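Below is one structure, written out as structure tokens; the observations come after it.
Keep in mind that this is a model prediction, so the values were computed, not measured. Here is how names work: the chains are called A, B, and so on, in the same order as the sequence lines, proteins then strands, and each is numbered from 1.
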Protein chains: 2
Amino acid sequence: MATGRTHRPATRSRGIPEATVARLPLYLRALTALSERSVPTVSSEELAAAAGVNSAKLRKDFSYLGSYGTRGVGYDVEYLVYQISRELGLTQDWPVVIVGIGNLGAALANYGGFASRGFRVAALIDADPAMAGKPVAGIPVQHSDDLEKIIQDNGVSIGVIATPAGAAQAVCDRLVAAGVTSILNFAPTVLSVPDGVDVRKVDLSIELQILAFHEQRKAGEEAASSDGGVPAAAARSDSADQGPDGDMPAVMPA
Amino acid sequence: MATGRTHRPATRSRGIPEATVARLPLYLRALTALSERSVPTVSSEELAAAAGVNSAKLRKDFSYLGSYGTRGVGYDVEYLVYQISRELGLTQDWPVVIVGIGNLGAALANYGGFASRGFRVAALIDADPAMAGKPVAGIPVQHSDDLEKIIQDNGVSIGVIATPAGAAQAVCDRLVAAGVTSILNFAPTVLSVPDGVDVRKVDLSIELQILAFHEQRKAGEEAASSDGGVPAAAARSDSADQGPDGDMPAVMPA
DNA sequence: CCATCTTTGTGCACGCGTTCACAAAGACAT
DNA sequence: ATGTCTTTGTGAACGCGTGCACAAAGATGG
């Protein structure tokens, strides 16, 4: 969960709930895996387990898309893959630019998960003139002077910011001015954008800090209980953690 | 289930809402910036603007930690930095291991946001023997054969998984068996962990897919008058074939 | 010491998301 | 056709998070 929206004027009367949208990619991944194994149909129970969610939640999520299941049987895997892909807009090609080709930018450029899901890295952009022309992931880095031209020539509407924090807002402003309307921000800064532009933030250090909080709490409880002995995995069911996706409690196999 | 049933709102209520915990790092960052500019105090309104949240929400969040503000004045920046750091557990040192030193793992190792917040990269681990000994971010990569020993010798309780999806669950199992109780997972897989282990997931491709959904909706609304909404590019020839990003079957024999 | 002004802390209401539980719908066997 | 069995789709209840609005608390000035 990291949507840095500015204001929400409730433009979703007939729309799909945001929480559901955030889970659709999860279902899609599980379904793709089933598809690759040529599994024809899947029940909500099975698919929910694979995606790590509650089956009732999954069924309700799908109900927002329409009635794509067959009672007594389950869901047709291929059909559902198509429907979710279409709903997410993955049946079309999304050219993406990555700005800031440092370690993280390079990692993103090399990340295979993009191309396989309708995203195409249209350009890599960096402010360092020494980087210009140097190929990263097979794509030559271009200088940020040409940012506007690159955006417009490629019809880019999604931009990824992987610059240092200090440069992020300026880059963001230029991207938006050039026509980008969706931004994935890896820089540890709050970006301000005009209405109509979506920003999602991914912050590695924040995720770690949240883990540290729970870790500290676990350590404190353990010391306080003075139980000692076994780490008490099954004894106490606290763990009010839960990320945005909610992970399943599962029994350790071995 | 797995909800904190141990709520005891006495003198020290330990039940901080998850949503609040997730925002504390955000406040901490804004406060740190103020601290570096030697700003002595800040009002909830100012701080909320800097963190990109509602001021009432911020005040309520802080109220869970205690009454650290002064009415008519605001919050003491230094004091608040300390209190939040303590609450998040950042006043202690957290050794972290990163498993999977590919592009992403290397980027994480180089990421400065860790060290500055109490996190210390204790070791880099990779399964490739050719990587062993090679320094990344000044730290020599160690082979995964030594994973258990590394965890135990360094007292590591937080692990970062940046391996391909296919290796993630196995790595996760080994980490947990060795004593890790918090995992930050970058691999596109649902991890099964025993009770008491926290998992947070960061998935780059999911974030992009969510953006694509909104982007499509924006485009559809805009062109709703002329065209029929969906861009009719439904018949993709190579849409659902698996990409090389190594998605593994997330389906397990439940 | 009192009045006024600023800002916090929070009671309350509302809306979203989650979960339960079950009727409806279809497959399948006889 | 009819009954049984499985699984979906969803109405309803519940709990959490958010934001409003205001009283309490303290600073500040006369």
Side-chain angles (χ1 to χ4, degrees), chain A residues 1-24 26-27 39-49 51-77 79-80 83 240-249, chain B residues 1-5 7 9 13 15-24 26-27 39-49 51-77 79-80 83 210 254:
Chain A
M1 97 183 29
T3 170
R5 288 276 291 102
T6 45
H7 294 319
R8 167 161 309 186
T11 33
R12 222 176 314 96
S13 53
R14 294 154 214 168
I16 301 172
E18 193 62 28
T20 295
V21 172
R23 280 188 295 267
L24 289 182
L26 216 56
Y27 302 146
V39 177
T41 62
V42 65
S43 72
S44 64
E45 203 71 47
E46 293 169 317
L47 185 53
V53 302
N54 182 296
S55 71
K57 191 188 293 185
L58 178 142
R59 288 199 300 275
K60 178 145 289 192
D61 283 343
F62 286 175
S63 78
Y64 292 117
L65 309 183
S67 288
Y68 295 147
T70 303
R71 299 177 191 227
V73 175
Y75 298 92
D76 183 276
V77 171
Y79 187 57
L80 204 46
Q83 290 297 344
D241 59 295
Q242 291 287 71
D245 43 11
D247 30 310
M248 295 271 297
Chain B
M1 40 197 64
T3 324
R5 184 135 272 181
H7 285 7
S13 79
I16 300 177
E18 191 60 26
T20 295
V21 173
R23 280 188 294 268
L24 290 182
L26 216 56
Y27 302 145
V39 177
T41 61
V42 65
S43 72
S44 65
E45 203 69 49
E46 293 169 317
L47 185 54
V53 302
N54 183 295
S55 71
K57 191 187 295 184
L58 178 142
R59 288 198 300 275
K60 180 149 291 191
D61 283 343
F62 286 174
S63 79
Y64 292 117
L65 308 184
S67 290
Y68 294 148
T70 303
R71 298 177 192 228
V73 175
Y75 298 92
D76 183 278
V77 171
Y79 187 57
L80 204 46
Q83 290 298 341
I210 296 172

Steps toward side-chain contact (heavy atoms from CB on, under 4.5 Å) verdict (A:Leu65, A:Leu24):
CA-CA 10 Å; A:Leu65 309 183; A:Leu24 289 182; 4.1 Å; yes

With the side chain defined as heavy atoms from C-beta on, A:Ser67 is closest, among D:dT8, D:dG17, D:dG9, to D:dG9

Please work out if B:Phe62 contacts a base, only the sugar-phosphate, or nothing of the nucleic acid, heavy-atom cut-off 4.0 Å.
nothing

To the nearest Å, give me how far apart CD (A:Glu45) and P (C:dT19) are.
13 Å

My understanding is that only residues two or more places apart in sequence, or in another chain, count here; which of them pass salt bridge (Lys or Arg N to Asp or Glu O under 4.0 Å) with B:Arg59?
none

If only side-chain N and O atoms of B:Ser44 are considered, is one of them under 4.0 Å from the OP1 or OP2 phosphate oxygen of C:dT7?
no

For B:Tyr79, give me all partners under side-chain contact (heavy atoms from CB on, under 4.5 Å), at least two apart in sequence or on another chain.
B:Tyr68, B:Asp76, B:Gln83

Which is true for A:Tyr64 with a 4.0 Å heavy-atom rule: it touches a base, it touches only sugar-phosphate, or it touches nothing?
nothing

Whole angstrom value for the distance that separates C1' of D:dG19 from CG of B:Asp61:
12 Å

In whole angstroms, the gap separating P of C:dA25 from OH of A:Tyr75 amounts to 16 Å

From C-beta outward on A:Arg23, which listed nucleotide comes closest to its side chain: C:dT18, D:dT10, C:dT10?
C:dT18

Name all residues meeting the side-chain contact (heavy atoms from CB on, under 4.5 Å) criterion together with A:Ala22; count only those two or more places apart in sequence or in a different chain, and write none if there are none.
B:Ile210

Quickly work out the A:Lys57 NZ to D:dG15 P distance and round it to whole Å.
16 Å

Between P on C:dG9 and CG on B:Leu58, what's the gap in Å once rounded to a whole number?
10 Å

One character per nucleotide, please: for nucleotides 21-30 of chain D, 5' to 3', B when the base has a protein heavy atom closer than 4.0 Å, S when only the sugar-phosphate does, - otherwise.
B--BB-S---

Results of side-chain contact (heavy atoms from CB on, under 4.5 Å) for B:Pro17 - residues two or more places apart only:
B:Thr20, B:Tyr64

Within the pair B:Tyr68 and C:dT7, is there a side-chain N or O less than 4.0 Å away from OP1 or OP2?
no

For A:Gly69 and A:Tyr75, work out which heavy atoms get closest and say how close.
CA-CD2, 3.4 Å

Whole-Å distance, B:Leu47 CG to C:dG9 P, equals 12 Å

Do A:Lys60 and C:dT19 have a side chain to base donor-acceptor pair shorter than 3.5 Å?
yes

Measure the distance from CD on B:Glu18 to C1' on D:dT18 and round it to the nearest whole Å.
16 Å

Those residues that, when tested against B:Thr41, pass side-chain contact (heavy atoms from CB on, under 4.5 Å) (two or more places apart):
B:Val73

Within the structure, does a side-chain N or O atom of A:Asn54 lie under 4.0 Å from either OP1 or OP2 of C:dC20?
yes

